[in-house]
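Taking it in order: structure first as structure tokens, then the write-up.
Note that the structure is a prediction, hence the values are computed from the model and not measured. In what follows, every chain begins at residue 1, and chains take the letters A, B, ... in the order their sequences are listed.
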Amino acid sequence: MTAVTTPPKKQAQRGRPGQSSPKLAYLPIIFLAFAIGVPLLIIVVYSFLEKPSQGTGVKWVFTLENYKALFIQEKLDGTTALDTRYIKVLWTSFYYSLLTTVVTLVLSIPVAMWIATRDARKRNLLVALVTLPFWISILIRTYGMRQIVADEGPIGKFLGIFNIEWSILYSPPATILGLIYVFLPFMILPIYASAERFDFRLAEAAYDLGAKRMTVVRRVILPSIRPGVISGIALVFIPALGSFLQSDMLGGGKTNMVANVIANNFGQARNWPFGSALAVLLIVLTLLFVLIMQGAAQRRGDKVELV
Amino acid sequence: MSEKYLEIRNITKVFQTPEGGEVRALDDVTLDIASGEFFILLGPSGCGKTTLLRSIAGLEYPDSGEIILQGERIDDKPPYDRPVNTVFQSYALFPHMTVGDNIAFGLEMENVDKDEVAKRVEEALEQVQLAGYAKRMPSQLSGGQQQRVALARALAKKPKVLLLDEPLSALDLKLRRGMQVELKRLQRETGITFVFVTHDQEEAMSMGDRIAVFSQGKIVQLDTPVEVYRRPVNAYVADFIGETNLIKGTVVSGGISLPGGNVLPTDQLAADSVIPASGDVTVAIRPEDLVLATNGMISGTVRDVIFTGDSVRVHVTVGDVEVIASLASYGTEIPEQGSKVTLNPEHRAARTVAS
Ligand SMILES: Nc1ncnc2c1ncn2[C@@H]1O[C@H](COP(=O)(O)OP(=O)(O)OP(=O)(O)O)[C@@H](O)[C@H]1O
Ligand SMILES: [Mg+2]
């Protein structure tokens, strides 16, 4: 995960009063390292092992077949051919995540700016409203979403009045809608955090120097909320890439994202090594994305912390 | 001043406060500012100085009145269409841009071509003695340097009027004095009309060609520093500009009766003092216009003697009021605390003022 902050002003960086002892941080760090590191290690190891001829689990024999199987298909007659199924699944995941990121970004900037310009009391209320969905389990919310977008749901009924056909449940649009709905707060909040700190006197200064509205937004406001935008993109795109629930419950299995395929291999398909290889590929691609984001942020002089 | 360059005509601005009340920040303000003038808006906190400046810049729209620049109305134009620039009290430098980009920003808005922008950025930085700082970020500058960048950014646009809102208030005294001299020089060299807001009367007097003294959204007096200092129109101005002893008295035949049985003869007052036939008046005397005398007109008891270096301030109890005399620290005999002294107003500088 990335967190982006503008470089702090040259101030005391160590030994500030109130700064807590590093010892207090050890326990959670150890816990996190353990909880992330061990499963990761298992996945990586499994991805290089063979699948047992019967049942689940792994056979302790080293092989690269799992990685080969991601891209190459062995036909019954013994010849091999390029297998695009998994590349397509990855591409679908990437495309859905990108779409989700772009839509949430476009929606979030005006919302965040609007909240940031309200007075303090209204601001707190609005932020609370944005976080309201977190109070309810994502599973329940996705069930709710299913009722809303169902053919016979409120939207369908309403459009039915005008004889407009509405049928998106169990198809890609429903998955994407579900993703946008779930991830919107994760985009709004970090952008709002940046926007709230924006000094609107800078916008006045820009006006005074001859800038028009859009120029002020583009050259002064957007660069100032950039750390929030980058954090938001990371907070939406990366989890969206690995999301599972929306395509499962709203996409109806017809539109599998990579996480669904991985889950399937650990479940019904009983191919843990192959599922692990696909998971490793997803992790590598995610890491690549994080590195690109970090590079983009650093070029502009922001400080980016990688965990 | 006769020449009309920037005209403010009957500007009124009323703010609604969150508590439901109203604040008359500007109350029917009218004034003319001449081309190339160093014009000061002076007044205590909350009297509407910033509101007037923001109205000229276009960041605030007055409820009524007109603002005319070189014969053309500008009060209905947006800020980006007014040939006027501001140096903000908070500097308002763009933190994500270098010093050079900050200054270039305003020029790019005018579509000045690239080479010309570079040239004018360089020029502006030289004007404020920051040549070579173009690549720095604002956060890498001291407060005084940031202040200069804000100045350079506005100057680079070559505005018809430069508005400065307490630009020096965040600087320490020494830096402030230096900047006052430098601003004065810059204004002379560029010939740009400056409208400068301050609540520091010393700053106002040392820099301004003319001063408009504000009180509660109204102009109380508009004059040159010397006139404002020497001929304050009322007790408020006399007290706000410099230090003044304001002594209440009553008109008696041939003079004014002051506390403690003292009488100040009319011929000792400034010639243009307005003295009513009878009743109460307020007499204003600057501390530096009082001298110790052996048989002076105002007698009292020394209460405190304070040495300030270049002068000695003697607090004298006269009847039931306290009068301060500021004496030169050399060549004067300094009275002792508790001793009886008499004071004389000099140069006919004492005057009656409306209260
Ligand atoms: N946006 C606003 N809403 C409500 N009242 C305002 C607003 N802006 C200014 N005022 C009020 O208008 C009056 C004049 O304010 P202004 O900022 O012009 O004062 P000022 O002379 O610049 O004071 P200072 O020396 O403290 O900067 C004040 O009473 C202030 O509270
Ligand atoms: Mg002000």
Side-chain angles (χ1 to χ4, degrees), chain A residues 4-13 109 113 117-125 191 193-231 296-304, chain B residues 18 50 53-60 77-98 101-112 124 135-143 146 149-150 152-159 161-165:
Chain A
V4 187
T5 48
T6 40
K9 296 216 183 82
K10 284 268 150 61
Q11 279 170 2
Q13 291 190 337
I109 290 175
M113 290 309 293
T117 47
R118 298 310 96 188
D119 62 52
R121 214 174 338 132
K122 265 208 200 107
R123 272 205 308 260
N124 291 337
L125 180 72
I191 296 179
S194 278
E196 201 223 347
R197 265 175 287 145
F198 178 69
D199 180 358
F200 281 90
R201 287 177 298 187
L202 296 180
E204 285 191 342
Y207 274 123
D208 186 73
L209 288 166
K212 298 193 175 133
R213 219 183 141 81
M214 278 323 288
T215 315
V216 176
V217 171
R218 198 168 45 81
R219 293 206 46 189
V220 178
I221 296 178
L222 282 183
S224 301
I225 61 169
R226 233 174 54 88
V229 169
I230 291 178
S231 290
Q298 270 178 345
R299 258 204 307 286
R300 306 283 289 265
D302 287 340
K303 196 175 111 195
V304 175
Chain B
T50 297
L53 215 61
R54 287 170 60 83
S55 301
I56 300 171
L59 298 170
E60 207 82 75
K77 289 186 177 179
Y80 48 79
D81 276 341
R82 303 188 189 196
V84 166
N85 288 108
T86 309
V87 177
F88 294 89
Q89 180 171 4
S90 61
Y91 311 152
L93 298 178
F94 305 127
H96 57 285
M97 295 184 199
T98 62
D101 289 345
N102 261 280
I103 300 171
F105 184 88
L107 301 173
E108 285 160 13
M109 296 304 118
E110 294 174 42
N111 294 321
V112 176
K135 288 274 177 316
R136 294 259 195 120
M137 298 305 281
S139 59
Q140 297 169 322
L141 300 178
S142 73
Q146 289 181 21
V149 175
R153 185 173 70 173
L155 279 176
K157 298 259 306 175
K158 301 199 198 309
V161 179
L162 185 70
L163 308 169
L164 303 101
D165 193 356

* Asked: Say you draw a straight line from CG of A:Leu209 to CZ of B:Arg153; how long is it, rounded to the nearest 0.5 Å?
  ->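 Here the rounded value is 5.0 Å.
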* Got more than 12 heavy atoms from elsewhere within 6.0 Å of CZ, A:Arg118? ->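 Check passes, neighbour count above 12.
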* Mind listing the closest non-hydrogen atom pair of A:Asp208 and B:Thr86 along with its distance? =>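 A:Asp208 and B:Thr86 have their closest heavy atoms at OD2-N, 2.7 Å.
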* At their closest point, which heavy atom of A:Pro223 faces which heavy atom of B:His96, and how far apart are they? ->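 Looking at all heavy atoms of both residues, the closest pair is CB-CD2, 3.3 Å.
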Does any heavy atom of chain A fall under 4.5 Å from the side chain of [X], the backbone, both, or neither of them?
X        : answer
B:Leu107 : neither
B:Met137 : neither
B:Arg54  : side chain

* Asked: Heavy atoms, side chains only, cut-off 4.5 Å: are B:Phe88 and A:Arg201 in contact?
  ->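 No, side chains not in contact.
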* To do: For a side-chain contact (heavy atoms from CB on, under 4.5 Å) with B:Pro95, tell me which candidate from A:Leu202, A:Asp199, A:Val220 qualifies.
  =>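 The option that passes is A:Leu202.
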* Asked: Is a side-chain N or O of A:Lys212 found less than 3.5 angstrom from the main chain of B:Tyr80, in a donor-acceptor match?
  ->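 Checked: no pair found.
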